[in-house]
**Student:** 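Attaching a single structure in structure tokens format; questions to follow.
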Amino acid sequence: MGFKLFNSHSRSLETFEPIKTPFVGIYICGPTVYGPPHLGHVRGPIVFDVMRRYLKHMGYKTRFVRNITDVGHLVNDADSGDDKLAKQAQLEQVEPMQIAQTYTEKYNWAMRKVNVLAPDIEPRASGHILEQIAMIKQLLDQGYAYEVDGDIYFEVSKYAKTHDYGKLSGRVLEDLMDGAGGEARALDGQDKKKNAVDFALWKKASAEHIMQWESPWGMGYPGWHIECSAMSAKYLGTYFDIHGGGMDLLFPHHEAEIAQSKAACGQDPAKYWVHHNMITINGQKMAKSLNNGITVEDLFTGKSHLLEQAYSPMTLRFFVLQAHYRGTLDFSNAALQASEKGLKRLLEAAELSQSLAPKPTNNYEVQKIEDAILASMNEDMNTPQVIAHLFEAARITNSANGGQIDLNQNNIDKLQYIFKTYAFEVLGILSEEKNDSNMLDGVIQMLLNMRKEAKANKDFALSDKIRDDLSALGLKIKDSREGTTWSK
RNA sequence: GGUCGGAUGGCCGAGUGGCUAGGCAAGGGUCUGCAACACCCUCUACAGCGGUUCGAAUCCGCUUCCGACCUCCA
């Protein structure tokens, strides 16, 4: 039984077969680093992290590439030339690269927190201008692109004559050309293009534009779509295994990538296109305009009007994996709290499984849990089902501990293996260290209170022991008229 | 307006024709010095209306509601 994945391109479940076993190339569209990472930024990385871990578990050798978009794409097509990064930079009076650096760092901090493995290669768009220019040249040579006043556009209508533009996202070119909605948007700059559906490969930069590079067409900067095409081709080749991203990237981004790659290299860049769904809050996508965004940092600290408490990174990861990746996932405090408690139960059972005493008799075959887990993973990465099966393992562990069922050594070993392999290695759920400094303060204060009571009872042996033991741990205890204080 | 997707018990969320996913919450019980934990039991839902079928949450049609994309977006 093979690993099945839903391929957005064919809109069907396909059995995964690498192009060249045992190697698997994966490209994920990374973030545009112009703001702090929010809840939505975290879902894709977690989903594809589990995919990567599972492929590894199956024995494949993966190369995982996730880019950083630090060039910035257009604010909109009508824009006079500011890109997203530059715009933010002007507001804050700092270099665009500083913005990119800051938020790249925050993004990767969030990734580490939720235990997403670092990519094998993390290319930056700004470091691959040459590759992008080369690809644009190719497209010009092939006749699929044209220059207008320093801008280069991809000619969609020409490409569509011989290729199926719109297949991935289910668009019909004629509909797109008619313009969306009752009234076509009047975008300035739009008149430069031969057709509104054409997209920019290169944009001319005005003199005051901060981020710009030299090109055969003058000073400018690359369009958004070309960067992923250029970087994926460089590190994974012109035909690789899996291309992933959010469903919101289906159009135009991924449609454009396919068009560029087919026009320039003659083939689809990826064998499997995998898209995850969005995180919603109260049924709606997070958006700045709705003021319903929650940053990852907010979630960990609990500082947001939308949060009733702080949630741990692993709670977030577990929450994400409790839903299937292709469905929307609705955020709420109640849902996070449910995940928090469920995760705790699972982790405690996993720990308990380490100390189960074997019985001579056995009346539960643990193997069927692993079989079920594998079947669920193979069915388009059904992580919620995998978790349900892990809860069965937890129940069995607790029952064995309570004496309700008997497990022999083999089955206990298997139970431990299941937690280690599937909960920890594949799903990437870690037990979190409870080294919260607030807790430490509380514990020390508690000991000092006990010491105070001992002194009041004239139990000086106990009070001295508490002080000496704390001192041995490197904590200084000072008694004064006002009371007792401590320091490290 | 176009395209696509969705509506599952108090909440989150699996499930593409028959075998009550799972977690959380709630109620009852066992255990327990008290409590917590754990275990057992209970709550058996599929937007509405028709249709197909021996049998439908699952297939078909209609209706209502919601969302996403069509412009940057994870």
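Lettering of chains follows the sequences in order, A, B, ..., and the numbering in each one begins at 1.
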**Student:** Would you indicate which nucleotide in G22(B), C69(B), C24(B) comes nearest to any side-chain atom of Arg345(A)?
**Tutor:** C24(B)
**Student:** Would you name the heavy atoms of Asp198(A) and Ser157(A) that are closest together and state the gap between them?
**Tutor:** OD1-N, 4.2 Å
**Student:** Just one of Val366(A), Ile373(A), Ile369(A) clears the side chain to side chain contact (heavy atoms under 4.5 Å, CB included) bar with Glu392(A), so which one?
**Tutor:** Ile369(A)
**Student:** Using the P atom on both, measure A57(B) against A7(B) and round to a whole Å.
**Tutor:** 15 Å
**Student:** How would RNA chain B look in dot-bracket form, 5' to 3', counting Watson-Crick and G-U wobble pairs with both distances under 3.5 Å and writing | for bases paired to another strand?
**Tutor:** (((((((..(((.....[...))).(((((.......)))))....(((((..]....))))))))))))....
**Student:** Should we count CZ of Arg326(A) as having more than 12 external heavy atoms under 6.0 Å?
**Tutor:** yes
**Student:** Go nucleotide by nucleotide along RNA chain B from the 5' end; which of Ser332(A) and Gly44(A) gets its closest nucleotide reached first?
**Tutor:** Ser332(A)
**Student:** Tell me what Leu329(A) touches on the nucleic acid: a base, only sugar-phosphate, or nothing, going by heavy atoms under 4.0 Å.
**Tutor:** sugar-phosphate
**Student:** State yes or no: are the ring centers of His57(A) and Tyr422(A) separated by less than 6.0 Å?
**Tutor:** yes
**Student:** For His225(A) and His253(A), take the angle between the two ring planes, folded into 0 to 90°, and tell me which bin it lands in: parallel under 30, tilted 30 to 60, perpendicular over 60.
**Tutor:** tilted
**Student:** For the aromatic rings, using the six-membered ring if either is Trp, is the centroid distance between Tyr311(A) and Phe300(A) under 6.0 Å?
**Tutor:** no
**Student:** Please report, rounded to the nearest Å, how far the C1' atom of A14(B) is from the CG atom of Asp380(A).
**Tutor:** 13 Å
**Student:** Map Thr280(A) and Gly246(A) onto RNA chain B by nearest heavy atom, then report which one ends up closer to the 5' terminus.
**Tutor:** Thr280(A)
**Student:** Any salt bridge between Lys344(A) and Glu348(A), counting N to O under 4.0 Å?
**Tutor:** yes
**Student:** With a 6.0 Å cut-off on the ring centroids, do Tyr54(A) and Phe3(A) count as close?
**Tutor:** yes
**Student:** Using the test ring pair (Phe, Tyr, Trp, His ring centres under 6.0 Å), find all partners of His254(A) that sit at least two apart in sequence or belong to another chain.
**Tutor:** His243(A), Trp273(A), His275(A)
**Student:** Over how many whole Å does the gap from Arg326(A) atom CZ to G15(B) atom P extend?
**Tutor:** 9 Å
**Student:** What pairs of donor and acceptor atoms, side-chain ones from residues 351-360 of chain A against any protein atom, are under 3.5 angstrom apart with sequence neighbours left out?
**Tutor:**
from      : atom 1 : to        : atom 2 : distance (Å)
Ser353(A) : OG     : Ala350(A) : O      : 2.6
Ser355(A) : OG     : Leu352(A) : O      : 3.2

**Student:** Which part of the nucleic acid, if any, lies within contact of Gly40(A), taking any heavy atom under 4.0 Å across all strands shown: a base, the sugar-phosphate backbone alone, or nothing?
**Tutor:** base
**Student:** Can you tell me how far P of C11(B) sits from CZ of Phe331(A), to the nearest Å?
**Tutor:** 17 Å
**Student:** Take the protein atom CG of Leu356(A) and the nucleotide atom C1' of A38(B), then report the distance between them rounded to whole Å.
**Tutor:** 13 Å
**Student:** Taking CG from Leu427(A) and P from G22(B), how many angstroms apart are they, rounded to a whole number?
**Tutor:** 18 Å
**Student:** Looking at C70(B), G22(B), C39(B), which one has an atom nearest to any side-chain atom of Ser399(A)?
**Tutor:** C39(B)
**Student:** Please list, pair by pair, any protein nitrogen or oxygen found under 3.5 Å from a nitrogen or oxygen in nucleotides 5-7 of chain B.
**Tutor:**
none

**Student:** Report yes or no: is the cationic atom of Arg43(A) (NZ for Lys, CZ for Arg) closer than 6.0 Å to the six-membered ring centre of Tyr325(A), at no more than 45° off its axis?
**Tutor:** no
**Student:** Select one nucleotide: of C39(B), A14(B), C24(B), the one nearest the side-chain heavy atoms of Ala338(A).
**Tutor:** C24(B)
**Student:** May I ask you to say what His253(A) touches in the nucleic acid, namely base, sugar-phosphate or nothing, with a heavy-atom cut-off under 4.0 Å?
**Tutor:** nothing
**Student:** Rounding to an integer number of angstrom, what distance separates A35(B) and G67(B) when you compare their P atoms?
**Tutor:** 48 Å
**Student:** Taking the C1' atom in each of A36(B) and C43(B), what is the distance between them to the nearest angstrom?
**Tutor:** 24 Å
**Student:** Look at Asn401(A) and C39(B) and indicate whether a side-chain polar atom (N or O) is within less than 4.0 Å of OP1 or OP2.
**Tutor:** no
**Student:** Measure the distance from CD on Glu379(A) to P on A21(B) and round it to the nearest whole Å.
**Tutor:** 18 Å
**Student:** Give the rounded distance in Å between these two atoms: CD1 of Ile279(A) and C1' of G13(B).
**Tutor:** 14 Å
**Student:** Kindly say if Asn382(A) contacts the phosphate of A14(B), meaning a side-chain N or O under 4.0 Å from OP1 or OP2.
**Tutor:** no
**Student:** Can you tell me how far P in G50(B) sits from the matching atom in U16(B), rounded to whole Å?
**Tutor:** 27 Å
**Student:** Scan Leu249(A) against the nucleic acid and name what it touches under 4.0 Å (heavy atoms): base, sugar-phosphate only, or nothing.
**Tutor:** sugar-phosphate
**Student:** Ring centres under 6.0 Å, that's the criterion: do Phe154(A) and Tyr159(A) meet it?
**Tutor:** yes
**Student:** Is any side-chain heavy atom of Arg124(A) less than 4.5 Å from a side-chain heavy atom of Thr104(A)?
**Tutor:** yes
**Student:** So if I take every side-chain heavy atom of His324(A) and compare against A14(B), A74(B), C12(B), which nucleotide ends up nearest?
**Tutor:** A14(B)
**Student:** Rounding to an integer number of angstrom, what distance separates C11(B) and C46(B) when you compare their C1' atoms?
**Tutor:** 16 Å
**Student:** Counting the atoms with a prime plus P, OP1 and OP2 as sugar-phosphate, which does Gly402(A) contact under 4.0 Å by heavy atoms, base, sugar-phosphate, or nothing?
**Tutor:** nothing
**Student:** Near Gln101(A) CD, under 6.0 Å, is it more than 12 heavy atoms from other residues, nucleotides or ligands?
**Tutor:** no
**Student:** Counting any heavy atom closer than 4.0 Å, what does Asp330(A) reach on the DNA or RNA strands: base, sugar-phosphate only, or nothing?
**Tutor:** sugar-phosphate
**Student:** If you take all heavy atoms of Gly327(A) and Asn277(A), which pair is closest and at what distance?
**Tutor:** O-CB, 3.1 Å
**Student:** Could you tell me how far G9(B) sits from A21(B) if I compare only their C1' atoms? Round to whole Å.
**Tutor:** 13 Å
**Student:** State whether Glu365(A) and Lys368(A) are salt-bridged, where the test is any N-O pair (Lys NZ or Arg NE/NH1/NH2 against Asp/Glu carboxylate O) under 4.0 Å.
**Tutor:** no
**Student:** Using a 4.0 Å cut-off on heavy atoms, which residues in residues 384-395 of chain A reach RNA chain B? List them by number, or say none.
**Tutor:** Pro384(A), Gln385(A), Ala388(A), Phe391(A), Arg395(A)
**Student:** Do any N or O atoms of the protein come closer than 3.5 Å to N or O atoms of nucleotides 25-30 of chain B, and which pairs are they?
**Tutor:**
from   : atom 1 : to        : atom 2 : distance (Å)
A25(B) : OP1    : Lys341(A) : NZ     : 3.0

**Student:** Taking atom C1' in both U3(B) and A14(B), compute the distance separating them and give it to the nearest angstrom.
**Tutor:** 28 Å
**Student:** With a non-hydrogen cut-off below 4.0 angstrom, is Gln404(A) in contact with a base, only sugar-phosphate, or nothing?
**Tutor:** sugar-phosphate
**Student:** Please determine if Asp164(A) and Lys262(A) form a salt bridge, counting it only when a charged side-chain N lies under 4.0 Å from a carboxylate O.
**Tutor:** yes
**Student:** For the pair made of CE in Met111(A) and P in A74(B), what is the distance, rounded to whole Å?
**Tutor:** 11 Å
**Student:** Under 4.0 angstrom, heavy atoms only, what part of the nucleic acid is Thr328(A) near: base, sugar-phosphate, or nothing?
**Tutor:** sugar-phosphate
**Student:** Could you work out the separation of A68(B) and G51(B) based on their P atoms and round it to a whole Å?
**Tutor:** 35 Å
